[in-house]
Amino acid sequence: MFHGTKIPPIPGVKEHTVSGNSPNQRRQSEGMRTSRTEMIAERINPDIPLDIQKFYHGKIGRKQAESLLLIHREGSYLVRRSETQDNVFSLSLKGVGGMPMHLRISLANGLYILGENSKPFPTVPEMIDHYTQCELPVLKADRIKLLHPVPRHS
């Protein structure tokens, strides 16, 4: 039985006790690591238009995004429209140690680019879905994946 079994310590991650019938189900529900390198991310449907995705918050400011992220776990994220520029979005996320990060999503030649180093994507939801499975290609954000979408009305 797995009740009360400890997960081996992982540098930089708090120690967790697994309780419940299935250790993998418990780890998934808590967004914990299932191995030393893998975090379980909540997947999104990239076929749903951005304006009705639960992680899309429309035109909110940086400070409001940070306030929303305060009550959420590391790896939580939301997408918002730029306050100052058309066709520009920001990916706001709670990074390592709870630090808020804001990454620019810009439109170039009909494709969306995250920061300056990402491959291009045809839609923002496709980009977000990709980074729920892969690490962000951003300096100071290495080893970070998008794990927990922050719903619009949280």
Side-chain angles (χ1 to χ4, degrees), residues 7 9-16 24-154:
I7 298 171
I10 300 169
V13 175
K14 293 180 186 175
E15 191 171 0
H16 295 280
N24 283 334
Q25 286 176 335
R26 180 73 174 164
R27 287 182 191 123
Q28 284 178 348
S29 70
E30 294 179 3
M32 294 167 35
R33 292 177 188 252
T34 56
S35 73
R36 291 194 178 268
T37 59
E38 182 183 352
M39 293 284 286
I40 301 297
E42 184 180 332
R43 296 290 304 274
I44 61 122
N45 183 345
D47 298 327
I48 297 174
L50 178 62
D51 61 340
I52 57 175
Q53 291 279 355
K54 69 179 177 180
F55 60 80
Y56 180 64
H57 288 251
K59 199 169 189 176
I60 65 169
R62 180 186 192 105
K63 293 292 182 194
Q64 188 177 356
E66 289 177 5
S67 293
L68 288 169
L69 290 168
L70 271 177
I71 62 170
H72 293 279
R73 302 179 275 187
E74 189 175 292
S76 296
Y77 66 92
L78 61 90
V79 171
R80 58 190 175 86
R81 184 171 288 284
S82 170
E83 293 179 286
T84 57
Q85 296 176 299
D86 292 333
N87 295 320
V88 175
F89 299 91
S90 291
L91 170 62
S92 297
L93 68 126
K94 192 168 195 174
V96 176
M99 277 303 261
M101 299 179 71
H102 305 279
L103 308 171
R104 180 186 174 112
I105 300 172
S106 54
L107 182 63
N109 300 319
L111 298 170
Y112 292 93
I113 309 272
L114 179 64
E116 298 174 4
N117 302 314
S118 87
K119 69 178 195 172
F121 294 88
T123 68
V124 172
E126 288 179 61
M127 173 188 291
I128 298 301
D129 182 58
H130 175 78
Y131 291 116
T132 63
Q133 302 165 71
C134 301
E135 295 174 355
L136 292 168
V138 178
L139 193 62
K140 298 182 185 175
D142 58 333
R143 299 188 318 271
I144 296 177
K145 285 196 295 188
L146 302 178
L147 300 175
H148 316 289
V150 175
R152 247 179 289 219
H153 304 290
S154 60

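- Expressed to the nearest 0.5 Å, how far CD of E126 lies from CG of N45 amounts to 10.5 Å.
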Would you please test L146 and I44 for side-chain contact (heavy atoms from CB on, under 4.5 Å) and show each step? CA-CA 10 Å; L146 302 178; I44 61 122; over 6 Å; no
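- Atoms CD1 and OH, from I128 and Y77 in turn, are 6.0 Å apart once rounded to the nearest 0.5 Å.
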Between E42 and T132, is a side-chain contact (heavy atoms from CB on, under 4.5 Å) present by the stated rule, with each step listed? CA-CA 7 Å; E42 184 180 332; T132 63; over 6 Å; no
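- The CD atom of Q53 sits 9.0 Å away from the CG atom of D129 when rounded to the nearest 0.5 Å.
- Below 30°, between 30° and 60°, or above 60°: for Y56 and F89 the angle between ring planes is above 60°, a perpendicular geometry.
- Rounded to the nearest 0.5 angstrom, N87 CG and R81 CZ are separated by 7.0 Å.
- The distance from the CD1 atom of I52 to the CZ atom of R152 is 8.0 Å, given to the nearest 0.5 Å.
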Could you give the side-chain donor-acceptor pairs of residues 105-116 under 3.5 Å, partners two or more places apart or in another chain?
none

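- K145 places no side-chain N or O within donor-acceptor distance of the main-chain N or O of A41, the cut-off being under 3.5 Å.
- Looking at E83, its side chain never comes within 3.5 Å of a backbone N or O of K59 through a donor-acceptor pair.
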What's the verdict on side-chain contact (heavy atoms from CB on, under 4.5 Å) for V150 and H57, showing C-alpha distance, side-chain angles and the deciding distance? CA-CA 9 Å; V150 175; H57 288 251; 4.1 Å; yes
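- Nearest heavy atom pair, residue L70 against residue K94, reads O-NZ, 2.9 Å.
- Closest approach of P46 and T123 over heavy atoms only: O-OG1, 4.4 Å.
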side-chain contact (heavy atoms from CB on, under 4.5 Å) between L91 and Y131: does it pass, once the steps are laid out? CA-CA 11 Å; L91 170 62; Y131 291 116; over 6 Å; no
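- A donor and an acceptor atom, one from each side chain of R80 and S92, are located under 3.5 Å apart.
- Listed here is the closest heavy atom pair of P100 and E66: CB-CG, 3.8 Å.
- Atom-to-atom distance recorded for L69:CG and Q64:CD is 11.0 Å, nearest 0.5 angstrom.
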